[in-house]
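Structure first, commentary second.
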Number of protein chains: 2
Amino acid sequence: MTDPVRPWNFSAGPAVLAPEVLAQAQRELLDWRGTGASVMEVSHRGRDFMDMAEEAEQDLRTLMGIPDRYAVLFLQGGATQHFAQLAMNLAAPGDSADYVVTGHWSQKAVREAEPYVRTRVAASTEADGFRRVPSVIDVDPGAAYLHYTPNETIHGTEFHRIPESGDVPLVADMSSDILSRPLDVSRFGMIYAGAQKNIGPSGLVLLIIREDLLQRTGRPMADIFRYARHVERDSMLNTPNTWGWYLAGLTFKWIAAQGGLDVIGERNRAKAEALYAAIDGSGGFYRNDIDPDSRSRMNVPFRLHDEALNTLFLEESSQAGLLALKGHRALGGMRASIYNAMPMAGVKALIQFMRDFAQRHG
Amino acid sequence: MTDPVRPWNFSAGPAVLAPEVLAQAQRELLDWRGTGASVMEVSHRGRDFMDMAEEAEQDLRTLMGIPDRYAVLFLQGGATQHFAQLAMNLAAPGDSADYVVTGHWSQKAVREAEPYVRTRVAASTEADGFRRVPSVIDVDPGAAYLHYTPNETIHGTEFHRIPESGDVPLVADMSSDILSRPLDVSRFGMIYAGAQKNIGPSGLVLLIIREDLLQRTGRPMADIFRYARHVERDSMLNTPNTWGWYLAGLTFKWIAAQGGLDVIGERNRAKAEALYAAIDGSGGFYRNDIDPDSRSRMNVPFRLHDEALNTLFLEESSQAGLLALKGHRALGGMRASIYNAMPMAGVKALIQFMRDFAQRHG
């Protein structure tokens, strides 16, 4: 179990990290692997770092079952930069690409791609207030790719099946649900994720790409934006975020030590079920409006029946050691992000607090 | 003084960090500012992080005397990405830009900019084997900007005066000598630096830009590549590298505690003088071929008179607690990087070892 003295941190990202990972990082901060230096102070091209970097990639390949024909990259720029960069790389000038629009992040993915590709909306749930994921996606067989956002961090929706895209490469921004359950990577053309939810600290992007997609663009651009060049140079075309890569590696080992993605996925299912059950069973004191089949296992937004209680809820929850429950400013209300590193004990503490609060203010 | 048990780390980057900075980072890794969370686990939009981020910027402005008309950004992508991105931002389509070519890094700056601007070489020391910085720069008054590399990390050259560029905005990649001495920021249009030498860990780029240069480009591009948008959003257009920003802030406070850039600059001058004197006074056992007026205070490459001794030199120096002295693969030989966080004691230890080694093998 985790240290009971630490508060429970429900931040949407940067988010809670596994306490075992943080403890190891703290222990070896001044002397990493007996080098006498911090992992932050050694060359990314030195043997110690290269060994660690390669091990992290192999651990991830094992965890996710990534086929050999996929490259794994550790890049920078956040998912937002890759909204643009993936369009530069996966589409040639004049191509069009399909997008599934399920909320804030998929809308942003479209907007940042527009200077580089003709975007087309293949499905949108905007008319439903983004309260569900679409059941039908109208894929253009000529699209360069189909992009979707498996989990919308702000709206709290999640796809619980992988969309069918036929021969069109499927591209997924998995920033907020990567590594949260088993996944058939072979269904995807490209998966990418900002690290700051289920992988490690911010400033690192994990990218998994089918190698036949690397040579698509005929566009003039700087080498530093070409995924193909990063693959050739094992993510060391320039100095990577070495601290982020190191913490990602520790997190991959932590997931394996928990039992891998089957165990993690089962835990995440149980955590989310418990929290949604508490909300649904609160007699209307708390409310989550997402279609039950589309509810996120990672981000659980909820509202109090009386918005005038919001400030008090946030004050008292914080005093009770339940941090960062304030909802995204675009939606208001509350949001509990319950990523991999949030144990059931934290979810139970939140549920208990919510019950007590409802009793006192019901 | 620093902990004498730690070896001296002469890595070119990622490089040695101040031990006081590392110790503080270690101490508060699990509980930052009493939040009960790591600085890596809190939202970049929360008050704690925003306060720290603003303080870091103010500390940097004070240290460097940055005028108000300059914006300060904490970005990602390494200097290499900004080789491209600065051309996208500071030049309109069809513009040409001037470059001073003094070695590997300025050559790379040209290459990455070429898809976005017509590059023109305003000075080059390639014919001299990059053993000096140019005395004359032929600036095109119509150039969008003049780019140069004040310190070439691989070749070990450094400008000891700021080039004259007239009304053409001067742009400098200061990755390897930012904060190493006092600087008149008002002479520059833009200064940028990868953090991993004198600022903090890799994965962070510091960028200082005169605000009138922000609206130059008429180019279609994603928002995430526009410096103007990052300025509007205080470097939080997307999630920044929060850990890097935090460590940069600690490093700025450490520099201030040392006495600021005057003191740091004097130390760096003394360290470099001592090391070059030891090389020049070795009776030819060690050699540095850079023109004395162009020698870097940050990166000191040197060769042994007998290259067959290289392996032994590296083995014995490493055993003596002097790390990462191997020269860049492009040049061979040795290189001692002596950034801000390397104290005179480390330089003296290196000099003593070099003398002993020369006596034993001379």
Side-chain angles (χ1 to χ4, degrees), chain A residues 3 5-7 9 11-17 19 22-23 25-26 29-31 35-38 40-44 46 76-81 83-84 87 111-116 194 196 200-204 220-225 237-244 247 321 323-324, chain B residues 5-7 9 11-17 19 22-23 25-26 29-31 35-38 40-44 46 76-81 83-85 87 111-116 194 196 200-204 220-225 237-244 247 321 323-324:
Chain A
D3 179 356
V5 177
R6 289 195 98 207
N9 177 4
S11 175
V16 61
L17 297 167
L22 286 176
Q26 183 178 46
L29 193 88
L30 295 175
D31 184 4
T35 58
S38 175
M40 289 183 280
E41 298 177 302
V42 301
S43 170
H44 54 297
Q76 299 182 51
T80 304
Q81 179 173 320
F83 293 161
R111 214 160 47 235
E112 294 288 299
E114 275 170 349
Y116 312 104
Q196 65 269 19
S202 61
L204 180 76
M221 61 172 137
D223 256 21
I224 195 69
F225 296 127
L237 185 55
N238 66 336
T239 313
N241 178 337
T242 56
W243 173 256
L247 275 182
L323 306 183
Chain B
V5 178
R6 288 194 98 208
N9 177 5
S11 175
V16 60
L17 296 167
L22 286 176
Q26 183 178 45
L29 193 88
L30 294 176
D31 184 4
T35 57
S38 174
M40 289 182 280
E41 298 176 302
V42 302
S43 171
H44 54 297
Q76 299 183 51
T80 304
Q81 179 173 319
F83 294 161
Q85 207 170 327
R111 214 161 45 235
E112 294 288 300
E114 274 170 351
Y116 312 103
Q196 65 270 19
S202 61
L204 180 77
M221 61 173 137
D223 256 21
I224 195 71
F225 295 127
L237 186 54
N238 66 335
T239 313
N241 177 338
T242 56
W243 174 255
L247 275 182
L323 306 183

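Letters A, B, ... mirror the listed sequences (proteins, then strands); counts begin at 1.
One finds the CG atom of B/Leu22 at 5.0 Å from the CD atom of A/Glu41 (value rounded to the nearest 0.5 Å). Interatomic distance, CZ of B/Arg6 versus OG1 of A/Thr35, reported as 8.0 Å (0.5 Å rounding). Distance check: A/Gln196 CD to B/His44 NE2 gives 7.5 Å after rounding to the nearest 0.5 Å. Between A/Ile224 atom CD1 and B/Arg111 atom CZ the span is 11.0 Å, to the nearest 0.5 Å. Note that CD of A/Glu112 and CG of B/Asn238 are 8.5 Å apart. Values are rounded to the nearest 0.5 Å. A/Asn9 CG to B/Ser43 OG: the interatomic distance, rounded to the nearest 0.5 Å, is 9.5 Å.
Both the backbone and the side chain of A/Thr80 come within less than 4.5 Å of a heavy atom of chain B. Looking at A/Ala15, the atoms closer than 4.5 Å to chain B (heavy atoms on both sides) all sit in the backbone: N, CA, C or O. Neither the backbone nor the side chain of A/Phe83 comes within less than 4.5 Å of any heavy atom in chain B. Looking at B/Ala23, only its backbone comes within 4.5 Å of chain A, counting heavy atoms on both sides. For A/Pro14, the parts sitting under 4.5 Å from any heavy atom of chain B are the backbone and the side chain alike. Contacts between A/Leu247 and chain B at a heavy-atom distance below 4.5 Å involve the side chain alone, from C-beta outward. For A/Ala113, no part sits under 4.5 Å from any heavy atom of chain B, backbone or side chain. Both the backbone and the side chain of A/Val16 have a heavy atom closer than 4.5 Å to some heavy atom of chain B.
The minimum heavy-atom distance between B/Pro240 and A/Ser202, with the atom names listed, is O-OG, 2.7 Å. Heavy atoms only, all atoms of each residue included: B/Pro220 and A/Pro115 are closest at C-CB, 4.3 Å. Of all non-hydrogen atoms in B/Met221 and A/Tyr116, the two that sit nearest each other are CA-OH, 3.4 Å. In this structure, A/Ala84 and B/Phe225 approach most closely via the heavy-atom pair CB-CE1, 3.8 Å.
Taking 4.5 Å as the limit, some side-chain heavy atom of A/Asn241 sits within range of a side-chain heavy atom of B/Asn241.
Note: A/Gly203 leads A/Gly203, A/Ala79, A/Ala25 in heavy-atom pairs under 4.5 Å with chain B. Per-residue heavy-atom pair counts under 4.5 Å with chain B were compared for A/Ser11, A/Gly13, A/Gly77, A/Pro201, and the maximum is reached by A/Gly77. Put simply, of A/Leu237, A/Thr239, A/Asp31, the one with the most heavy-atom pairs under 4.5 Å next to chain B is A/Thr239.
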